[in-house]
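Throughout, a chain's letter reflects where its sequence line sits, starting with A, and its residues are numbered from 1. No hydrogens, no waters, no symmetry mates; every other heavy atom, side chains included, goes into these values.
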Number of protein chains: 2
Amino acid sequence: MTEFVKNAAGRLIPTHINDKEVVPFQGVGKYRPQGRKYAPPIKTVADYPEDGDKRVASLKDALIKAGLKDGMTISTHHHFRNGDILANQIFDIAAEMGVKDLVWYPSASFPCHEHLIQYLESGVIHHIEGSMNGPLGRFASQGKMRGQGVLRSHGGRYQAVQDGDVHIDIAIIAAPCADPFGNANGLYGDAACGLLGFALADSEYADQVVVVTDNMVPFPCIPWQIQGNNVDITVEVDKIGIPEKIVSGTTKVTKSPDRLLIAEMTAQFCDEAGLIKEGFSFQAGAGGTSLSIGIYFGEIMRKKGIKARFARGGSNQYLVKMFEEGLVEHILDGQTFDLEGVRSMRENPTHVNTSPFTSYNYHGKGNFASLIDIVILGATEVDTNFNANVVTHSDGYLLHGIGGWQNCLFGKTVILPIPLFRDRIPVIVDEVTTLCGPGDLIDVIVTERGIAVNPKRKDLLEKLKDSELPIKTIEELKAEAEEICGKPQKPEFDDEVIAAIKWVDGTVIDVVRKIKE
Amino acid sequence: MTEFVKNAAGRLIPTHINDKEVVPFQGVGKYRPQGRKYAPPIKTVADYPEDGDKRVASLKDALIKAGLKDGMTISTHHHFRNGDILANQIFDIAAEMGVKDLVWYPSASFPCHEHLIQYLESGVIHHIEGSMNGPLGRFASQGKMRGQGVLRSHGGRYQAVQDGDVHIDIAIIAAPCADPFGNANGLYGDAACGLLGFALADSEYADQVVVVTDNMVPFPCIPWQIQGNNVDITVEVDKIGIPEKIVSGTTKVTKSPDRLLIAEMTAQFCDEAGLIKEGFSFQAGAGGTSLSIGIYFGEIMRKKGIKARFARGGSNQYLVKMFEEGLVEHILDGQTFDLEGVRSMRENPTHVNTSPFTSYNYHGKGNFASLIDIVILGATEVDTNFNANVVTHSDGYLLHGIGGWQNCLFGKTVILPIPLFRDRIPVIVDEVTTLCGPGDLIDVIVTERGIAVNPKRKDLLEKLKDSELPIKTIEELKAEAEEICGKPQKPEFDDEVIAAIKWVDGTVIDVVRKIKE
C-alpha cells in the first residue's frame, strides 16, 4: 500500500513506485547501500558456438532466441540520439508477436521514439524507465502511461543495474562496428557515434545481450568497447541508425548576444577565481553556450600558457581543436557530439572513451565526476536555495532526461550559466517544480544580468570581492527577473505520481505529478 | 571426510581439497555450472576520497588499511615473472605483523619466490593456490606445505574468482604506471611489462584492491588497463620489480639443430595441411622452438602472399616484426615477453592487450581460445592417448604451472612440438604422470623423429597422406624413444595428495601426490 513520506529534501514522495518499495532521499552522501551487486548466472562456453559465430538472421530471430516474453525488461542505448531506429523496431516486433507489459529501459529516449506511444497505449510497453525527452514525457505528464516512469542519471542507471535495482532481461546494443563474436565499437561505419559506454552496464549484467550492427567485420573488432565475451547473440542488419541524425557534421556555437555574454562572464569568473590554472580540468557540454565557454577558456589558456590535464566530453570540434593544439592533454569522453569527436577518438590514444561506470557510478570505489575542477551545466529552473531542476519546465511538463547532470554536480566547482528568463518566464524561482539536484552541490549561477555565488562558497566570494563582474545574491537575480516578467504562475498538478526522480544513489529525490487538465 | 573417486578421465581424486568439496572432472564440456557469479559488496563513493587520491604511505599501511588478518587470501600477479619483488615483501610484512594461515593466490610463482618457503614453514602462509614453478613446487612435492596446492590455468583462475570458488580478500596489483585514483597500466615506467590482464579478475572481485607503483602519474593514467573505479588503495614505492628480469631485451630463437628441425617440420605440416591460409590465426609462445615456428610461418606467408588476421601473443620481437611488416593484422596479447612487445603494444592500436576473461574464461559467453586456427604448445609428457602433462616431470616433481595451456587446447588444431626425449628420458609414455589436458583436444605431436596425428583428426591424416613428412603413429614414436633410451622408470609416490589440478571448468582432472622418500 503506497503511502507518502517526506524525504530529506522535504519532498513528498510515495513509498512505492510501480508497486516496488523505494528508499527516500536521505541527503547527499547519507544513504549507505547494503548488500551485494547483482550476480548474473554463470554461463559456460560449452553453450556457445565453438567458432565464435553468434549470428542469427534477423532482429526478430534474436528476440525469439533471447526468449522475449510478457513482462520482460528490454534495454537500449541512446548513442544514436534522434537517429535511432532500433528501439522502434524492437517494439514493432514485440507487438507483432503479441508480447505485452514490457518495461523499456533506454539510457535516454528522443522525439524519434514518439512511434512508441501506440505501444504504451496498447499495453505492449507497460512503462519506461529512463529519460523521456519530448513527446513521451508529455504523454506521461498527461497521466497516460500505465506504469510510472523512473528517471535516473547516467550514473544512476549504471548503479541501478549493478545493484540489481533493475534487472535487464534483454539488452539490445546497436553497434556501428562489430564482429560475429559480439565485440563492438562506435568508431567505424555509417552509424559511427564514437563510443558505446552507455551500453556497458547492459552488456555486463543483462541475461541476454544482443549486438546488432550494419557493419560486421571479421573477428577481432578492435577496439572492443563492448566485449564479445558478454554477448549472447549477434545480428547483421541493413541499417541501425540515421547517420545525419546521430552526429551532426558540425556543432554550433551560440550567436545569441545574451548567451555569448553569459559565456564570456562564466569564463571570466573562472579566470578571476583562479580555477583556470596549470593542470586543471573542466567539463563543458555541447550546447551553444557551453561551446562558447570552452572557446573562451581556450583563449585564456593560450594567453597564459596554461594546459588542462583533461577535459570531459561530450567531445565536439571545438574541444578537439583545443586538444589537438595541445591545450588539453586528455579528453575523457562520455559521448561524442560531432564527427570531429568521432575522428579524434579513433585517431588519438589520449582521447579516451569512458562509461557511466568510470565516470559516474556512485556505488563504486570512487568515480571521476568529483575530480573535475570546473563543471558547466544547465538547468530549466533554479531556486533561491540553489536547488535545480532539469527534467520539467515551469509549466510542469516532463520534457527532459537527467543525463549525466546529477553526477556532474560532484565536481569541485559547479557553475550553471543560464538565461535569467526563457520565453519571458523567469528561470530563478522560489521553489523548483521538480528537484533534481540539491543546492548544496551547486556553486555558481551565471546569468546575463548577474552572477550569484552560493553563500557556502566563501572562498569564491572572497576571491571575487574586488571583481568588476556583477556579483549579486540569488534573491537579487530573482527579483530582477520578476521585475521584468512578473511572478511566474505555478503549474497545477493532480495527486497522481507519473514519474520518480532518482538520486545518484538510487533513492527518490522527487516525483513528477500528472498535469491538471 | 575425504574419500577418493574416479573422475571421467579415470583418475583417482579426493572428494575434498583443503577441506572443501570439489567436483570431479566430468569430461570436456560436460560439467554444467549452477548458480551465479560472485557478487562483491556494493560500495559507495561517499567512503572514498573526494579528490580521488587513494594513496597511503607504504605497502604496510596499505595492508593494514585493507584489514590484513589471519586466514585471508592474498592475490598477486606474475607480469614481472622472475623480477617480482612485491610478493616477498607482502609476506615479510605479514610475518612481521604476526599474521598467520594466509592463502597466497598468485597468477603464477617463480624461483624468485623461494624466499617464501620460510613462511610456508612458519605458518604465515598456509598454502598456495596457483602455479609453483621450481623451488616452491619441489617443496610442495616433498609434502612440506601445510595445505594442498591448487593449480589452475589462467582461464581457470579467472573462472574461480568470477564464480566465487576463490574469494580474494586483498589483491595487490603491482603497476608499472598508475595514478592516485588507481588507474594503472603496464606500458610505461622502469617496470614496464606490457599489460596487466592477469590482475583483471582480482581488480573486479577482490574485497580490497591495492595498486602499488613506482611510477605515479597525475590522473588520468591512460590507458587504464586496471580501472581505478575498482581500486581501494594506492601506494607509491621506490621499486616494484627488477626490470632486467621482467622483460629481457631480446628473446632468443633456439640454436639446437633438433629443435630447429622440429620447428621446421611443424611449419611444413601446417602448410601442407592447408592451415596457413589467408585470414588465419595462430598462437605461438616465446620458447625457443615456438619462436622458430613463428619465423618459419613468416617465411611461408611471405612466399605465398598470405596475411594472418590475428596472432595470439606472448608477443616478442619476432612476432612484432611480422606484425609491423603487415603479415599479421592484430596481435591479441596475453603477455609481453620482451621490450619490443611492450613498445609495440604502446604504439600500435591493433596490438591489443587481452585478459584471461576475454581469452580463456570457460564460464563466459564464449572465449577467444576456440577461435584460433593453429595453436602451438609444449608438454613435459604425452601418452599414447595424446593426453598431456605440463606440471610434473617424469620424476614426479611438481615444477611448472599450467599457464594458459589448458585454455589453448580449445584451438582448432593443437600441435605439440616436443623432443622425443629429454635427458635421455622419453617424453611419450604409456600414461602421463599428471593429466593436465585430455588427448581428445590434442591433434598433433611433432618430434624430431616423426609426427603423430591424433587418429580422430582424419581430415589431417587425409591431407597429409602423400606428404614426405615422417608421419607415424604415436605408438611408433614411443617405441623409437624406448629403443634409444630404454623404458623410463615410473616415479614412486606416497598416497598423500599435495596438489589438485583443476580443469578449465573448475573440476578436478588430476592430483599430484607426495614423492616417496
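Most heavy-atom pairs under 4.5 Å with chain B: of the set A/Gly52, A/Pro40, A/Ala369, this distinction falls to A/Pro40. Residue with the most contacts toward chain A among B/Asp53, B/Val28, B/Val504, B/Val231: B/Val231 (heavy-atom pairs, distance under 4.5 Å). Of the listed residues A/Pro220, A/Pro349, A/Ser281, A/Pro33, the one with more heavy-atom pairs under 4.5 angstrom with chain B than any other is A/Pro220. Ranked by heavy-atom pairs under 4.5 Å with chain B, the first of A/Glu50, A/Arg36, A/Gln34 is A/Arg36. Highest contact tally toward chain B, considering only A/Asp505, A/Asp163, A/Thr350, A/Asn183, is held by A/Asp163 [criterion: heavy-atom pairs under 4.5 Å]. By number of non-hydrogen pairs under 4.5 angstrom with chain A, the leading residue of B/Trp224, B/Phe410, B/Tyr31 is B/Trp224.
Both the backbone and the side chain of B/Phe219 come within less than 4.5 Å of a heavy atom of chain A. For B/Ile372, no part sits under 4.5 Å from any heavy atom of chain A, backbone or side chain. Both the backbone and the side chain of B/His363 come within contact range of chain A, each with at least one heavy atom under 4.5 Å from a heavy atom of that chain. If you measure heavy-atom distances from B/Glu329 to chain A, you find no contacts under 4.5 Å at all. Contacts between B/Asn361 and chain A at a heavy-atom distance below 4.5 Å involve the backbone alone (N, CA, C, O). With a threshold of 4.5 angstrom between heavy atoms, A/Val209 approaches chain B through its backbone and through its side chain. Heavy atoms of A/Val352 lying under 4.5 Å from chain B belong exclusively to its side chain. Using a 4.5 Å cut-off between heavy atoms, A/Lys54 contacts chain B through its side chain alone, with no backbone atom that close. Of the two parts of A/Asp373, neither the backbone nor the side chain holds a non-hydrogen atom closer than 4.5 Å to a non-hydrogen atom of chain B. Heavy atoms closer than 4.5 Å to chain A are found nowhere in B/Pro223, neither backbone nor side chain. Only the side chain of B/Phe310 has a heavy atom closer than 4.5 Å to any heavy atom of chain A.
Contact between A/Asn230 and B/Phe357 at its shortest, heavy atoms only, is OD1-CZ, 3.4 Å. B/Ala46 and A/Gly29 get closest at one heavy-atom pair: CB-O, 3.9 Å.
No more than 12 heavy atoms of other residues, nucleotides or ligands shown are found within 6.0 angstrom of NZ on B/Lys307.
Without hydrogens or angle criteria, A/Arg309 side chain to B/Pro218 main chain gives a donor-acceptor distance under 3.5 Å. With A/Ser370 contributing its side chain and B/Asp51 its backbone, the two residues share no donor-acceptor pair below 3.5 Å. Distance alone, capped at 3.5 Å, is enough to place a donor-acceptor pair between the A/Asn229 side chain and the B/Thr358 backbone.
Note: A/Gln159 CD to B/Thr44 OG1 = 9.5 Å, rounded to the nearest 0.5 Å. Here the straight-line distance linking atom CG of B/Leu371 with atom CG of A/Asp179 works out to 8.5 Å at 0.5 Å rounding.
When A/Lys43, A/Gln208, A/Gln227 are each tested for a side chain to side chain contact (heavy atoms under 4.5 Å, CB included) with B/Lys365, only one passes: A/Lys43.
Annotation: side chain of A/His330 is in contact with side chain of B/Ile222 (closest heavy-atom distance under 4.5 Å). Inter-residue side-chain proximity for A/Tyr360 and B/Val45 is flagged as unmet; no heavy-atom pair is nearer than 4.5 Å. Two residues are said to be in side-chain contact when any heavy atoms from C-beta on lie closer than 4.5 Å; B/Ile42 and A/Tyr38 fail this criterion.
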